[in-house]
**Student:** 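One structure, pasted below without further comment.
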Amino acid sequence: MSKNPATDQVTEIQRLTIEWVAEILDEPDVSPDDNFLDLGGHSVLALRLGKYAKERFGADYDLMVLFEKDLAAAAADLASRVIRT
Amino acid sequence: MAGPIVNLGISSFGYAFGEDQDVASVAGTYVRDPERVLNWGYRTFHRAPDGVQATDLAAAAAQQALGRIGLSADALDLVVLAVSDVPEYLSWDGAAVLARELKIERAQTLLLTEGCGAGVHGPYYVASTMAMQPEVDTALFVAVNRISEFHRNRMNLINTVLSDAAVAVVLRRDHASNRWLASEQFTDPEHSDLLRIDFGGAVNPVPPEGWSSLTAPGGHARIREQFANDPDSFQRFLENRYERLVEVIDAACTRAGIDRGEIAHLIYLNDSAASISAVAEPLGLPLERTNAGLAPDHGHMGAADQLVSLGLQLERGELAAGEVVALCGISTGRWSATLIQI
């Protein structure tokens with residue numbers, strides 16, 4: 001049975017978002033419900049996270065979504081723009 | 001290296017700090033999410049007692065700087081004061097009041113109020129005065145940050161813990177150490193309203209009834225207002241913060257006739273280690289050659305940050321004779337750098 005490539009990409013973006021945030025913040029326990037700022041993130045770390053996304057997917061996180069919502073929402077927003085392009 | 005346009009150097013430092021406060025113990029009294037504050041990495045900040053105002057801190061720092069070299073305040077030709085938070089009064093010249101506190105009967109004075117970066121580009125105005133007025137030989141520059149907790153919540157304005165302190169330096173013509181090499185600054189005015197306090201001035205003289213800094217929206221809300229519908233602009237704004245710091249340091253190097261690679265130490269505002277690193281990395285400097293080690297014990301002392309770090313690092317023997325130190329900072333929309341040769 002073939003997989004849906006778009007679904008695969010959403011899953012990958014969600015997974016990598018958690019991984020990257022954990023790496024950048026040096027915080028092993030990161031979950032999709034966490035908020036980037038609550039975990040200690042700030043502007044320069046957000047820019048670094050955005051650079052990872054740009055290199056991998058050709059698009060960046062919406063930083064306002066990243067700052068105000070949880071990581072799942074930030075990943076979903078990024079995925080919507082990656083898949084659209 | 002080409003010589004600076006005028007020869008002057010810092011001959012003395014003085015400090016005044018508010019009382020040490022443990023961030024972990026008190027963060028919960030300022031914000032509902034103290035974990036977020038703790039994650040910034042600060043251990044201690046300084047809080048001035050309620051009756052101690054900016055002028056008191058500035059005068060104490062100045063008296064220490066003067067006392068350490070046995071200089072009478074009467075010997076000062078120029079007094080420059082940078083105040084980076086809410087002043088004690090409106091329509092009031094804090095530099096003149098500082099001069100009066102020091103019992104100076106007559107001197108040239110200048111008040112800088114553009115924010116945190118004023119502690120970095122303040123020495124430019126001392127150098128400018130010495131360049132234009134040969135009779136000016138001795139100047140006092142004081143940078144003070146005393147948070148008015150009525151107006152500001154020191155833990156939710158920006159991603160730093162705002163702290164109360166003053167630093168004073170005596171600058172003397174032809175002083176051979178801690179030499180001023182150059183200062184550079186520029187302003188992009190687009191976002192100059194970002195950190196303003198909306199009341200207390202002529203437009204809105206008083207706050208809305210029931211308003212409190214403890215419950216009012218923080219700096220993040222202002223960011224949202226400014227950029228909510230324009231993520232690209234927000235991204236550019238954040239990127240510019242760091243790129244322009246390197247740009248202004250490079251410009252100061254050009255003016256001093258040195259190469260970026262000759263900078264041995266970087267002193268940025270007392271931000272997180274990651275933010276300081278973002279400025280240091282393009283200069284090829286490790287965190288050990290920055291103020292990252294001092295920042296967690298002081299918090300962000302507004303305009304006082306950079307000269308406090310310079311003085312303390314000198315006193316600890318962390319800076320060697322001949323090394324070039326780049327001080328840099330940002331006020332809202334204003335980037336500044338000053339180069340000092342130890």
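Lettering of chains follows the sequences in order, A, B, ..., and the numbering in each one begins at 1.
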**Student:** Does CD belonging to B:Glu35 count more than 12 external heavy atoms closer than 6.0 Å?
**Tutor:** no
**Student:** Can you name the nearest heavy-atom pair linking A:Ala74 to A:Val65, along with the distance?
**Tutor:**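 Reported closest heavy-atom pair: CA-CG1, 3.7 Å.
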**Student:** For B:Ala303 and B:Ala82, work out which heavy atoms get closest and say how close.
**Tutor:** CB-CB, 4.4 Å
**Student:** Would you say the side-chain atoms of B:Thr160 and B:His300 include a donor-acceptor pair closer than 3.5 Å?
**Tutor:** no
**Student:** Considering heavy atoms only, which positions within residues 28-40 of chain A lie below 4.5 Å of chain B?
**Tutor:**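 Only A:Asn35, A:Leu37, A:Asp38, A:Leu39, A:Gly40 of residues 28-40 of chain A have a heavy atom under 4.5 Å from chain B.
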**Student:** Out of B:Arg241, B:Arg224, B:Glu239, which one racks up the most heavy-atom pairs below 4.5 Å with chain A?
**Tutor:**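 Ranked by contacts with chain A, first place is B:Arg224.
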**Student:** By number, which residues in residues 43-55 of chain A have some heavy atom less than 4.5 Å away from chain B?
**Tutor:**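 Against chain B, the residues of residues 43-55 of chain A that fall inside the cut-off (heavy atoms, under 4.5 Å) are A:Ser43, A:Val44, A:Leu45, A:Leu47.
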**Student:** For residues B:Leu214 and B:Asn153, report the shortest heavy-atom separation together with the two atoms involved.
**Tutor:**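 For B:Leu214 and B:Asn153, the tightest heavy-atom pair comes out as CA-ND2, 4.0 Å.
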**Student:** Can you name the closest pair of heavy atoms from B:Val246 and B:Val279 and give their distance?
**Tutor:** CG2-O, 4.3 Å
**Student:** In terms of ring plane angle, is the pair B:Phe234 and B:Phe237 parallel, tilted or perpendicular, where the classes change at 30° and 60°?
**Tutor:**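 If you compare the ring of B:Phe234 with that of B:Phe237, the planes turn out parallel.
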**Student:** Could you tell me which portion of B:Phe227 (side chain, backbone, both or neither) has an atom closer than 4.5 angstrom to a non-hydrogen atom of chain A?
**Tutor:**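 Both the backbone and the side chain of B:Phe227 come within 4.5 Å of chain A.
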**Student:** Quick check for you: among B:Pro231, B:Ser275, B:Ala278, which has the greatest number of heavy-atom pairs under 4.5 Å with chain A?
**Tutor:** B:Ser275
**Student:** Does a side chain donor of either B:His265 or B:Gln313 reach within less than 3.5 Å of an acceptor in the other side chain?
**Tutor:**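 B:Gln313 and B:His265 do not have a side-chain donor-acceptor pair below 3.5 Å.
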**Student:** Is a donor from one side chain sitting under 3.5 angstrom from an acceptor on the other, for A:Thr17 and A:Tyr61?
**Tutor:** yes
**Student:** For the pair B:Asp164 and B:Arg47, evaluate side-chain contact (heavy atoms from CB on, under 4.5 Å) and give the outcome as yes or no after the intermediate values.
**Tutor:** CA-CA 5 Å; B:Asp164 303 338; B:Arg47 184 184 182 280; 4.1 Å; yes
**Student:** Picking from B:Leu307, B:Asn291, B:Leu294, what satisfies side chain to side chain contact (heavy atoms under 4.5 Å, CB included) with B:Leu312?
**Tutor:**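 It is B:Leu294, the one option of B:Leu307, B:Asn291, B:Leu294 that forms the side chain to side chain contact (heavy atoms under 4.5 Å, CB included) with B:Leu312.
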**Student:** Given that the side chain runs from C-beta out, which part of B:Leu38 has a heavy atom under 4.5 Å from chain A: side chain, backbone, both or neither?
**Tutor:** neither
